[in-house]
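The structure presented is a predicted model; accordingly, all values stated were derived computationally and were not measured. Values below: all heavy atoms of this structure, side chains included; hydrogens, waters and symmetry mates excluded. Ligands are counted one by one from 1 in listed order, and the atoms in each one are counted from 1 as well.
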Amino acid sequence: MLKLALVQALAGSALAGTILWDGRFNEFSSSTDLNNWSWSNQVGPYQYYIHGSGPVTQYVNLSPSYKNPADTVSNQGVKISIDKTAYWNGQNMRRTELIPQTSAAINSGHVYYHFSVKRTSTNAPRSDLEHQVNFFESHFTELKYGLLSGASGTSDPTLKWCVSGQTKWSVTFDPDVWHNVAYDINFSSQTVAFWHSTGSDPLVQTAGPFSVGTSSNGADWHLGVLRLPMNSDLNSADVEDWYFSGVYIESGSLNTQIGSGGTQTTTSTTTTTSPTTSRTTTTSSRTTTTSSRTTTTSSRTTTTSSRTTTTSSRTTTTTTTTTTSTTTSGGALQSQWGQCGGIGWTGPTACAPPASCSALNPYYSQCL
Ligand SMILES: *[C@@H]1O[C@H](CO)[C@@H](O)[C@H](O)[C@H]1NC(C)=O
Ligand SMILES: *[C@@H]1O[C@H](CO)[C@@H](O)[C@H](O)[C@H]1NC(C)=O
């Protein structure tokens, strides 16, 4: 009897993940609680500093109506908005992003980054511009939406899962459909995979695993959206709303159920399915991406080089920003994630060990 109970307990713990960090906003009375956080007072589940000059309610709002209704663990979801004021730190990309505030080991071992994402027909994201959605600084796993920078055509209505800029899976981003996602990241084996479902369906692995440099300092996953600029259109009056809910990071076994994060046991039957149709989509979208990568346009220069400021100021705001603007090439060492080269770059070109400078494209090299 005791033995049976033990076996059941072990089976239960093996199937239910452990929540390392919870970003479901259940303890928030409103988005203004994000203002509790500052560089000198790093409290709450989120760092909030990548946004435009307006008040927090111009960019981030919470409501029960903003969550996936299938998610009964979350009290509310978040609406993240970008408008013509959403330029951060002198950049020309519209950005509203939240970053997990935690010392938990969200950047080691085998972990799963969970969230659901939706758009509506109101303030719909523009399909003619590239968006980076819920991304890591080094872009080893992320969603993208819209026409990728350098791609041919005039618009692209798909939501894409990308690994180091290459599309591995995509789906049409229809309005009012909740897409449930888990980024499957094994920091030990340096592999990533992608799990997806819609509505209340359990997550299914739809792509991966792929080998990639899974580098993260544990404070560089951005919940939210970065829209690359169309330089002639910086003052466009359009507003975009993005909806997210069920945000948490889990270790151990993947919880494939929507809305019962880490608390219930799941059967392994749902977790091993890999539909053939998704595989087909994967292959064709990969081809598209490869060609778009080789035809990068020059408008990307401003974009990528200004992204450096983002990266470096993230870790050590004051220090790194000062270093970047005062040193010349060959001077100080760039810190991990910072820019270290590319056309037009005049900052440091050497990286502080153990990072080394890696060229991601002609316009951007990064300390990885
Ligand atoms: C933010 O601070 C207020 C005032 O101290 C507190 O009541 C609230 O719970 C805090 N919010 C979060 C999410 O911690
Ligand atoms: C993650 O990677 C480690 C190291 O390669 C491996 O031992 C482990 O089995 C992987 N985990 C899973 C669940 O694949």
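Remark: the Ser216 side chain and the Asp220 side chain contain an N/O donor-acceptor pair separated by less than 3.5 Å.
The SG atoms of Cys367 and Cys351 lie less than 2.5 Å from each other.
Checked against a 6.0 Å centroid threshold, the rings of Trp242 and His131 count as neighbours. For Tyr112 and Tyr248, the ring centers are positioned 6.0 Å apart or more.
The shortest N or O to N or O distance between Asn186 and ligand 2 is below 3.5 Å.
Within 4.0 Å of ligand 1, protein heavy atoms come from Glu27, Phe28, Asp33, Asn36.
For the pair Asp238 and Arg94, the minimum side-chain heavy-atom distance is below 4.5 Å.
Closest of all the heavy-atom pairs between Gln76 and Phe25 is NE2-O, 2.9 Å.
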